[in-house]
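Worksheet: one structure, shown below.
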Amino acid sequence: MSGGVTPFDADESAIAVAHANVALVKYWGKRDERLNLPAVGSISLTLDGLRASATVGPRPDSGACFLQDGRPVDGVAGRRMAGFLDLLAGGDGPKLATSVEANFPVGAGLASSAAIFCAVTAAALSLLGRHVSLAHLSALARQGSGSASRSVYGGLVEWHRGVADDGSDSYATQILRHDEWPLALLVAITSEDMKKHPSRDAMRHVAATSPLYAGWLEAQDDDLRAMRAAIAARDLAEVGRIAEENCLRMHATGLAARPPVLFWTPATVAAMDAVRALRDDGVGAWFTIDAGPQVKVLCHPDDAEAVARCLRSVPGVLRVLRSGSGPGIAMQRGSVPWT
Ligand code: 2P0
């Protein structure tokens, strides 16, 4: 991060910090696009190494309402953020703007939108002087980006699909705090480019055209149940197995879409092979991959260095980020808006 330089006065802005999360049981598909309600529940690990901060203040009369690392963001992403800030402020509320900074590549399949929209939600509520429950904060963050609902909490988190048409029961809850089960997650970066298919567009396309999408929906509740049980038992091998299978099932829906959606590069596949080879050598490591080419590898913290060394040696892996289980949303400036 570049030290929190923002165009806002300290006394009329709020700053929140949130961490990205990686889904071990994935969110893929929506049951309501307008309210951003998921077709399935999901379970994630919040990452201490991947952090975004958002400053929210009054919108200037001219200029962008969304700055990322000091540069204005326009186009679809700018309009999406403007709409979200208006939603948070309410119909008669003040016009807001935000400046965000992340300590990791944005838009490259590293769940940057989760950290960013979660932090923007908390900072905006703080500035507006609102107080909400964490569940409500999660449901609001969800409307910015689905995965942001999970970054409200640290550790292992479940975002509930919910059944209500108004989305009132679709928010995240914490399964385990980040200090209750030490875990490590290595991210093998295979490309720093913006991803080819934004998640939102890809999941809409897959849901509309993939004959495997129905099977994905059908299998998810079993994975969620099994994952909850594996977490309760602190059974890392079982958590890893379910996460790997769930990830491959999600990507299979894309391969079967018309036209197909493939997020992987040769380095992605090489890193998956390297993880399988590590397991054959007795190292407990399991991969998961989101809507991008990076490979995320779950392991015990004692094995993290060996796993990182292995991933660094994979042709096409540019660098490896190391994370542990991270904390939930925090305020850096301004009052805490949750109760
Ligand atoms: C996840 N992903 O569970 C899944 C797995 C990508 C693959 O959540 O449309 O940016 O903003 O709700 O949250 C990425 O999608 O999508 C995502 P929107 P989001 O982490």
Side-chain angles (χ1 to χ4, degrees), residues 20-45 109-111 113-114 142-143 145-150 156-165 167 169-173 175 195-231 238-265 268-269 271-272 275-276 286-298:
N21 66 76
V22 61
L24 303 175
V25 178
K26 309 282 187 202
Y27 152 49
W28 194 240
K30 300 179 200 275
R31 66 181 172 94
D32 185 310
E33 293 232 355
R34 191 179 60 84
L35 293 170
N36 214 24
L37 298 173
V40 291
S42 55
I43 292 177
S44 60
L45 176 68
L110 290 175
S113 69
R142 181 201 82 222
Q143 293 177 68
S145 185
S147 49
S149 67
R150 301 186 306 235
L156 287 153
V157 178
E158 177 164 0
W159 172 22
H160 305 275
R161 175 192 186 276
V163 292
D165 287 343
D169 55 357
S170 184
Y171 52 81
T173 54
I175 301 175
K195 51 192 183 189
K196 284 182 290 188
H197 315 284
S199 312
R200 188 163 281 200
D201 299 348
M203 62 173 97
R204 182 189 296 122
H205 172 70
V206 165
T209 70
S210 175
L212 300 191
Y213 182 68
W216 157 257
L217 297 180
E218 203 183 304
Q220 188 78 344
D221 279 346
D222 283 348
D223 276 3
L224 288 167
R225 254 191 304 275
M227 183 60 85
R228 285 184 212 115
I231 291 170
E238 182 68 355
V239 167
R241 181 191 66 77
I242 298 162
E244 229 177 72
E245 290 181 6
N246 184 266
C247 149
L248 291 173
R249 199 176 309 116
M250 179 198 111
H251 285 269
T253 65
L255 291 177
R258 299 191 197 101
V261 177
L262 176 61
F263 294 102
W264 305 347
T265 64
T268 312
V269 178
M272 291 156 68
V275 171
R276 290 197 190 97
W286 295 267
F287 65 78
T288 186
I289 303 162
D290 291 302
Q294 332 297 1
V295 180
K296 296 138 190 195
V297 184
L298 182 70

From I43 CD1 over to K26 NZ, what is the distance, rounded to the nearest 0.5 angstrom? 12.0 Å

Considering non-hydrogen atoms only, spot the tightest contact between R150 and A172 and give its length. CA-CB, 4.0 Å

Taking D32 for its side chain and R34 for its backbone only, find out whether a donor-acceptor pair lies under 3.5 Å. yes

First locate atom SG of C247, then atom CE of M272, and finally report the distance between them rounded to the nearest 0.5 Å. 6.5 Å

For S170, all residues meeting side-chain contact (heavy atoms from CB on, under 4.5 Å), sequence neighbours excluded: R31, L37, P38, R142, W159

Contacts of T173 that satisfy side chain to side chain donor-acceptor pair (under 3.5 Å) - sequence neighbours left out: H160

Which pair of non-hydrogen atoms, one from T265 and one from P293, has the smallest distance, and what is that distance? CG2-CB, 3.8 Å

Out of curiosity, I175 CD1 to E158 CD, how far, rounded to the nearest 0.5 Å? 5.0 Å

side-chain hydrogen bond (donor to acceptor under 3.5 Å, both in side chains): which pairs involve residues 240-262, sequence neighbours left out? W28-T253, Q220-N246, D223-N246, D223-R249, E238-R241, R241-E245, E244-R279, H251-W264

Residues in side chain to side chain donor-acceptor pair (under 3.5 Å) contact with Y171, at least two apart in sequence or another chain: none

When rounded to the nearest 0.5 angstrom, what distance separates CG in L24 from CD1 in I231? 6.5 Å

Report yes if some heavy atom in the side chain of N36 is under 4.5 Å from a heavy atom in the side chain of R200; otherwise report no. yes

Look up atom CE in M250 and atom CG in L212, then write down how far apart they are to the nearest 0.5 Å. 13.0 Å

Please report the shortest heavy-atom distance between G162 and D169, naming the atom on each side. CA-OD1, 3.4 Å

Is there a side chain to side chain contact (heavy atoms under 4.5 Å, CB included) between V239 and L156? Walk through the geometry before answering. CA-CA 11 Å; V239 167; L156 287 153; 6.0 Å; no

In terms of heavy-atom contacts, N21 and S44 come closest through OD1-CB, 3.4 Å

Does D201 have any salt bridge (charged side-chain N to carboxylate O under 4.0 Å, His left out) partners at least two apart in sequence or in another chain, and if so, which? R204

For the student: nearest non-hydrogen atoms of T209 and A257, plus distance: OG1-CB, 3.4 Å

Treating H205 as the side-chain partner and G254 as the backbone partner, does any N or O pair qualify as donor plus acceptor under 3.5 Å? no

Contacts of type salt bridge (charged side-chain N to carboxylate O under 4.0 Å, His left out), residue D222, not counting sequence neighbours: R225

For E218, enumerate each residue passing the salt bridge (charged side-chain N to carboxylate O under 4.0 Å, His left out) test, keeping only those at least two apart in sequence or located in another chain. none

Once side chain to side chain donor-acceptor pair (under 3.5 Å) is applied, do any residues pair with Q143, and if so which ones, sequence neighbours excluded? none

Measure across Y27 and V40 and return the closest heavy-atom pair with its distance rounded to 0.1 Å. CA-CG2, 4.2 Å

With A39 via side-chain contact (heavy atoms from CB on, under 4.5 Å) - residues at least two apart: Y213, L217

